[in-house]
Each structure stands twice: as structure tokens, then as C-alpha cells.
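Pasting a structure here, questions to come.
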Amino acid sequence: FSALSFMSCCYCFINIYARRIGSSVASNQKRDRKLQIKISIIIATDFLCWIPFTVVCLLHFLEAMDAAPWYPVFSMVILPINSVINPLLYCDIFVRAGNKVYLMSQKYASSIRKVFRHTAH
């Protein structure tokens, strides 16, 4: 069921993306691009957290392995990671933090260039 849900979400997202590319609307392209990236990251993190659980459940169902020892690992470690990551992605905390790191690195690089220019003369 989770694999089907994931594939449905991916299909819808790809369909929306394809329609967006096909349209000639130029307004708000930067904002739309940011939103597409954000949705892609959310889908990717959901996939990375849920696909191992889905595979283990499938292998258990097919009697290829005993998944009982893995259920606590998934329920207490992997799936809560997804629950923690999603709100952070929805509120743009990573984007804001990345922008701050970028600005700090630019400031630091500028300072270093000034020091090297000053010492070279």
C-alpha cells in the first residue's frame, strides 16, 4: 500500500511539473521553482525513510526473511527521523540556514581575499 501511495504522489507531482513546463506563464517562476524543489526534497526524504521498511515488510511477507527484529528499529529510529525532518522542510528552516551559511562563507572569503591582497603588497 505504501509503495502504491508513493507512486501515486510521484505521478501527480510529475504531471503537475510537466504541465507547468508546458505552460508559457512567466510570472512567479522563481517562487514556483523553489516550491518544486521543496516538494521534490519532501518526496525524496519520505521515499528514503519508507522504502527500507516497505522492502523488509515485502521480504517478510514473501517469507524470505524474518523481519520481526527489524520492526523496532524502523518504529523507533528510522520512521521518527522522517517525522522530524518533514516539519523542518515545510517551514524552510534548511533554506534559511543554507542562505545564512552561504552569506557567512561569502563574507569569510571576502575577508580572506582582503588579507591576501594586503599581504601581497
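Side chains are part of it too, since the values below use all heavy atoms of this structure and drop only hydrogens, waters and symmetry mates.
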Could you report the tightest heavy-atom contact between P87 and S83, atom names first, then the distance?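 Minimum heavy-atom separation between P87 and S83: CD-O, 2.9 Å.
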Does any part of the side chain of I78, heavy atoms only, come nearer than 4.5 Å to the side chain of W50, both counted from C-beta?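 No, every pair of side-chain atoms sits at 4.5 Å or beyond.
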If I take atom CG from residue N82 and atom CZ from residue F74, how far apart are they, to the nearest 0.5 angstrom?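 One finds 12.5 Å between CG of N82 and CZ of F74.
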What closest approach, in Å, do P52 and F47 show between heavy atoms, and which atom pair accounts for it?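 Distance-wise, the nearest heavy atoms are CD-O, 4.2 Å.
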Contact summary for A67 and V56, nearest pair of heavy atoms: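 Reported closest heavy-atom pair: CB-CG1, 3.4 Å.
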More than 12 heavy atoms of other residues, nucleotides or ligands under 6.0 Å from CD of E63: is that the case?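 Atom CD in E63 is not crowded, with 12 or fewer foreign heavy atoms closer than 6.0 Å.
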F61, F53: one ILVMFWY side-chain cluster at the under-4.5 Å cut-off?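 Cluster IDs for F61 and F53 differ.
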For the hydrophobic clusters of this structure (ILVMFWY residues joined by side-chain heavy atoms under 4.5 Å, transitively), does one cluster hold both L58 and V73?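 In one cluster with L58: V73, no.
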Rounded distance (nearest 0.5 Å) linking atom OG1 of T54 with atom CG of L59: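 If I round to the nearest 0.5 Å, the distance is 11.0 Å.
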For the CE atom of M65 and the CH2 atom of W70, what is their distance to the nearest 0.5 Å?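 The CE atom of M65 sits 6.5 Å away from the CH2 atom of W70.
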